[in-house]
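The structure under discussion appears below in the form of structure tokens.
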Protein chains: 2
Amino acid sequence: MKISEARQQFISTWGAMGTHRGINRTMAQVHALLMISPDPLTQDDIMAQLNISRGNVNMNIRDLIDWGLVDRVLIPGERKEYFTAEKDIWKVATQIIKERKKRELDPMMKLMDQLSKVEGDKRDKEVKTFLDTINGIKKFGAHADDMLDVLVKSDESWFLSTALKLFK
Amino acid sequence: MKISEARQQFISTWGAMGTHRGINRTMAQVHALLMISPDPLTQDDIMAQLNISRGNVNMNIRDLIDWGLVDRVLIPGERKEYFTAEKDIWKVATQIIKERKKRELDPMMKLMDQLSKVEGDKRDKEVKTFLDTINGIKKFGAHADDMLDVLVKSDESWFLSTALKLFK
DNA sequence: ATTATTTTTCAGTAATTTTTGAAAATTCGA
DNA sequence: TCGAATTTTCAAAAATTACTGAAAAATAAT
């Protein structure tokens, strides 16, 4: 397989994967393109390579920057802005996890705290089932938090990496 | 907060959360409703409680069954089918993880294996960057696999749960 | 201060995804 | 076997989400 074909395939698959995970196709593709680009790219480069409009590139780049996955790069003597993506996939993953935790897990847990204060008789099975579910989610959330920390740290830890395999 | 309001809130939030994770709103809502329902429900119950059409309920229930999150329940002497969801959130989480691994991670890793066979000179920086990214993802995939196994097993392991906190 | 370049915004349009509802198929009891 | 109850399908409609492109805003050189 030729490099140009392989790159195209990667971008397209990474984009499709994104849609399964609640990320829009173009954003994932821009990210993919930057991950496999040796040098920073301009908005025009991205427009050309992915065949999308200027506005589209601009909006998705901004979102990627908000997610902490892409950085602006200033090249001395150049008027245009350049963009680059973190290429260490571990850092990419941990960054995504941190953001998802902040944007999704934390607010969800806050809601669970509220909902667990629901009034009503626990002998009412509707109330009991509700509380059991809510409290289960709260416990899970706390544990997931621990797991995420481990994942974030585990690329630095050979020991943990090996230890994990023991539990397989 | 009253139980009816709390239930409504839970369903609605679980649905919104679903959309952030690539799951359609209604599917997540049906799942939420079943998780907090003490007894199995019929399609008509779900239609009524969520105010959605019969076809919609039917399709989403089928998807939930495919994901292994909802089961058909036969009630002796009853003509209609009843549905119920696993209420142990750990089992829900591990089931989702298993499915996502099967549907997303495994095919992705297979593709990476293919792409890592790209032809070209590694001294070409375009080729080098591409291969570095692909190989990074392969390594990550293997590690993630281990992590997922740990998560799947960790609810049975007090020891691990405690050990995880050490890495915080 | 003026002008050329580049970035950002956003209303309108396009594409995609989800939902409906009625018809077809299936199931089960009599 | 027939008919009522129930489930499933799917074409059309609705809703949502994403994209375009041109105008406005911002930036920086002269």
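Note that these values count all heavy atoms, side chains included, but never hydrogens, waters or copies made by symmetry. Within every chain, numbering begins at 1; the chains are lettered A, B, ... in the order of the sequence lines, protein sequences first and strands thereafter.
When rounded to the nearest whole Å, the span between CG of A:Asn56 and P of C:dT13 equals 18 Å. Look at CD1 on A:Ile46: it is 14 Å from P on D:dC19, rounded to the nearest Å. The distance from atom CZ of B:Arg62 to atom C1' of C:dT19 is 15 Å, rounded to the nearest whole Å. As a whole-Å value, the separation of A:Ile52 CD1 from C:dT13 P is 22 Å. Per the geometry, CD belonging to A:Gln43 stands 17 Å off P belonging to C:dT5, to the nearest Å. Here C:dC28 presents its P atom at 14 Å from CD of B:Glu78, a figure rounded to the nearest Å. Between the P atom of D:dT6 and the CG atom of B:Leu41 lies a distance of 16 Å, rounded to the nearest Å. Residue B:Ile23 contributes atom CD1, which lies 11 Å from atom P of C:dT18 at whole-angstrom precision.
Applying the 3.5 Å distance criterion, the base of D:dT27 shares a donor-acceptor pair with the side chain of A:Arg79.
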Run the numbers on B:Thr133 and A:Lys87 for side-chain hydrogen bond (donor to acceptor under 3.5 Å, both in side chains), then give the verdict.
CA-CA 6 Å; B:Thr133 302; A:Lys87 289 184 180 52; over 6 Å; no
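Taking only side-chain atoms of A:Ser53, from C-beta outward, the nucleotide of D:dG21, C:dT8, C:dT19 with the closest atom is D:dG21. Distances from the side chain of B:Asn24 to the nucleotides C:dT18, C:dT6, D:dT7 place C:dT18 closest.
The shortest distance between the side-chain N/O atoms of A:Thr42 and the OP1/OP2 oxygens of C:dT6 is not below 4.0 Å. For the OP1/OP2 pair of D:dT17 and a distance below 4.0 Å, the side-chain nitrogens and oxygens of A:Arg25 include no atom meeting the criterion.
Contacts of A:Arg54 with the nucleic acid, taken as non-hydrogen atoms under 4.0 Å apart, include base atoms.
Remark: the backbone N or O of A:Gln8 is not paired with any side-chain donor or acceptor of A:Ser12 at under 3.5 angstrom.
Residues B:Asn58 and A:Val57 both approach DNA chain D. Their nearest nucleotides, taken by heavy-atom distance, put B:Asn58 toward the 5′ side.
Checked by atom type, the side-chain pair A:Thr42/A:Asp45 shows a donor-acceptor distance below 3.5 Å.
Ring pair B:Trp14/B:His31 is tilted by interplanar angle, where 30° to 60° counts as tilted.
Considering CG of B:Asp113 and NZ of B:Lys117, their distance stands at 7.0 Å, rounded to 0.5 Å.
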